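Just below is one structure, and these are the notes that go with it.
Numbers here simply count residues along the sequence, with the first being 1. No experiment lies behind these values; they were computed from the predicted model shown. Atoms within each ligand, like the ligands themselves, are counted from 1 in listed order.
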Amino acid sequence: MSTNKKTIVWFRRDLRIEDNPALAAAAHEGSVFPVFIWCPEEEGQFYPGRASRWWMKQSLAHLTQSLKALGSELTLIKTHNTVSAILDCVRATGATKVVFNHLYDPVSLVRDHTVKEKLVERGIAVQSYNGDLLYEPWEIYCEKGKPFTNFNSYWKKCLDMSVESVVLPPPWRLIPLTAGKEHLNIFNFKDTTVVKKGVFFFVLAAETVWACSLEELGLENEAEKPSNALLTRAWSPGWSNADKILTEFIEKQLIDYAKNSKKVVGNSTSLLSPYLHFGEISVRRVFQCARMKQIIWARDKNGQGEESAVLFLRGIGLRDYSRYICFNFPFTHEQSLLSHLRFFPWDADVEKFKAWRQGRTGYPLVDAGMRELWATGWMHNRIRVIVSSFAVKFLLLPWKWGMKYFWDTLLDADLECDIIGWQYISGSLPDGHELDRLDNPAIQGAKYDPEGEYIRQWLPELARLPTEWIHHPWDAPLTVLKASGVELGTNYAKPIVDIDTARELLTKAISRTREAQIMIGAAPDEIVADSFEALEAANTVKEHGLCPSSNDQQVPSDVRYNGSKRVKPEEEEEEREMKKLRGFNEVIREEEERGLFSTAESSSSSSVRSVFMVSHSCSLVSEGKNLEGIQDSSDQIATSLGKNG
Ligand SMILES: Cc1cc2nc3c(=O)[nH]c(=O)nc-3n(C[C@H](O)[C@H](O)[C@H](O)COP(=O)(O)OP(=O)(O)OC[C@H]3O[C@@H](n4cnc5c(N)ncnc54)[C@H](O)[C@@H]3O)c2cc1C
């Protein structure tokens, strides 16, 4: 220990002891005062949902125990203003420094900036660290110094970076900040008459910190407890549990990840997402463990193992990339990254939105996914892609609505991952799905849930249907439905929209978008620079009588309509024709063999992909044109977003 500094360690979404740079630095310099500050008002529209708050509560209890074992204590504060709460802690403890780990969501970025400003004004040292990413968003730029807008180029650059971040060992002991009574005066507000009268005063005097118990943070309502009990059976939050899960996954499951992660039933992926979101495991540690395996398997010429490690690492890269995009394009929680979606005529139909949320669309795979989400707070990435695409492409619901619903219901609700997920499926990212790509959930069901186990688990009303019909009961003969106890429209919904009508409506919407785009003379594939520009364009279109959607005014036309003719993905076209000619299952078998399923990875191999598609033989710079934004994007990004994602 070099000095005897008194430091406040401000915990947020870094609820761990190991490889926690802020905690390690503070412990190295002297005594520490760990604090967690909860300010619901500041979270605004991004106030965490029930599942997420339940997780946070368990994780805080876990961290409290760990800090106790190290000789310190976690002070919990509920406040109306984070900055004031920190200043109170400074005054009460006599600390001369505040440390914390970076966050990159829009709310935290602004808040952290204010905290720094106020502390510096008062002569308090403040230091922030990278505790959440492999690389900071400002460390990765293209040769021109601009941010990357496609994942492949970004990830390649990351992997080429020579400096690998170091995983810090946990402190073996913490010196608690033991200021005298004149400085540290922590009250438990439960016992005070002021609070008993229902009036909230969090600062009593200049040298007082109003600490509270975990229960008093109010992360879980009484009404939520019965539902949350189900979560307790399935999940064990906390950093040391994360550690065990990682070790088990790396040692036993990673080797088969490429094969198993395609299945939507069972634990086919790592299930690390909530732990990563709350910072209970260091992403650097996850990366290094998987990377070590990759190197060993490459040396042993274990192709399957190596492929699995590479794929898993890409998932970790996507998480970093989500922060990178949100940091470099800070409007992405409200606007699509591509300007072409600015005028898309979204159908703001609340009834359809409700049917989607409640799993009453009549498409078994979608309904099963939505019910799993509600019951467990988690879904396989493939199911996330399917249900979100359905909301956007079949129901034309604004992607922001879906994003917000996921935010409210997922255990791992993570603003940046959620944003990038929804933008990816709704044609808002240069290397994501095309807007006009309409995947048939019935075909996807046959591919990712071939035995119908997933449907039987979540839709017991369909459990007795033969597997042949389970993903498309509307095609089943009446006798089969009757024998299985299924009455469409009574005990299971009829399809909310049929696929041909959905395709027609989507085509019309895209044409309208395109008209609007032509009217304002906008470039079809530009990246939105800022929200002001979007607003200006929206006004131009309004003047011409073409209203941008009230729900997502920044959204329209597609980069893929490079010319005037709309390109139709050939796999969907073929699917329809072939289905007419032969039985459904036969088509599935054949398409499986030819890899023509309209899923993420297959669409990437389609020759009619977007302007961002180049053949693999293309070099990075071809015909004098900078292809930085398009290099082999299709296959790899779609594979990783689609498989991992
Ligand atoms: C519409 C949509 C919304 C999503 N919302 C969220 C969200 O709110 N929070 C969240 O953590 N993930 C989100 N994802 C990404 C992905 O679905 C989950 O990270 C993954 O399913 C978590 O399961 P796992 O931990 O077993 O993943 P694994 O496959 O084991 O991957 C390990 C880790 O890599 C990261 N990762 C993997 N794939 C992705 C991806 N496509 N995008 C970003 N990170 C990835 C995650 O941190 C994950 O925990 C979303 C995807 C879509 C399509």
Between E43 and R111, is there a salt bridge with N-O shorter than 4.0 Å? yes

Considering both backbone and side-chain atoms of L272, is one of its nitrogen or oxygen atoms within less than 3.5 Å of a nitrogen or oxygen in ligand 1? yes

Contact atoms of ligand 1, heavy-atom distance to S388 under 4.0 Å: 1 (C)

Carboxylate-amine/guanidinium contact R323 D414, below 4.0 Å: yes

By side chain to side chain donor-acceptor pair (under 3.5 Å), Y405 pairs with (sequence neighbours left out) none

Do you see a donor-acceptor pair shorter than 3.5 Å between the side chains of W55 and E280? yes

Nearest heavy atom to atom 40 (C) of ligand 1 wins, so pick from L318, D412, I281, I245. L318

Geometric N/O contact L271 with ligand 1, under 3.5 angstrom: yes

For atom 14 (N) of ligand 1, the option (of E416, H277, R384, Q423) bearing the nearest heavy atom: R384

For residues Y47 and P40, report the shortest heavy-atom separation together with the two atoms involved. CE1-CB, 3.6 Å

Which of the numbered atoms in ligand 1 are under 4.0 angstrom from any heavy atom belonging to S273? 11 (O), 22 (C), 23 (O), 25 (O), 49 (O)

Please determine whether salt bridge (Lys or Arg N to Asp or Glu O under 4.0 Å) holds for the pair R53 and E224, giving the CA-CA distance in whole Å, both sets of side-chain angles, and the decisive distance to 0.1 Å. CA-CA 10 Å; R53 280 181 283 109; E224 291 170 344; 3.0 Å; yes

Nearest-option assignment for atom 36 (N) of ligand 1, heavy atoms, candidates A290, S52, G315, S268: G315

Is T269 in polar range of ligand 1, meaning some N or O pair under 3.5 Å apart? yes

Report the part of F406 in contact with ligand 1, treating N, CA, C, O as backbone and CB onward as side chain, heavy atoms under 4.0 Å; options are side chain, backbone, both, neither. side chain

Closest to atom 1 (C) of ligand 1 (judged by heavy-atom distance), picking from Y275, Y321, F312, W422: W422

Compare every heavy atom of A493 with every heavy atom of T361, then report the nearest pair and how far apart it is. C-CB, 4.5 Å

For Y275 and P237, which heavy atoms make the closest approach, and how far apart are they? CE2-CA, 4.0 Å

Could you tell me whether ligand 1 has any atom less than 4.0 Å away from a heavy atom of A413? yes

Using the benzene-type ring in the case of Trp, are the ring centres of F148 and Y141 under 6.0 Å apart? no

Closest to atom 12 (N) of ligand 1 (heavy atoms only, candidates P274, G402, C417) is C417

Per-atom contacts of ligand 1 with W378, taking only distances under 4.0 Å to non-hydrogen atoms: 23 (O), 26 (O)

Where's the contact between L410 and ligand 1, heavy-atom distance under 4.0 Å: side chain, backbone, both or neither? side chain

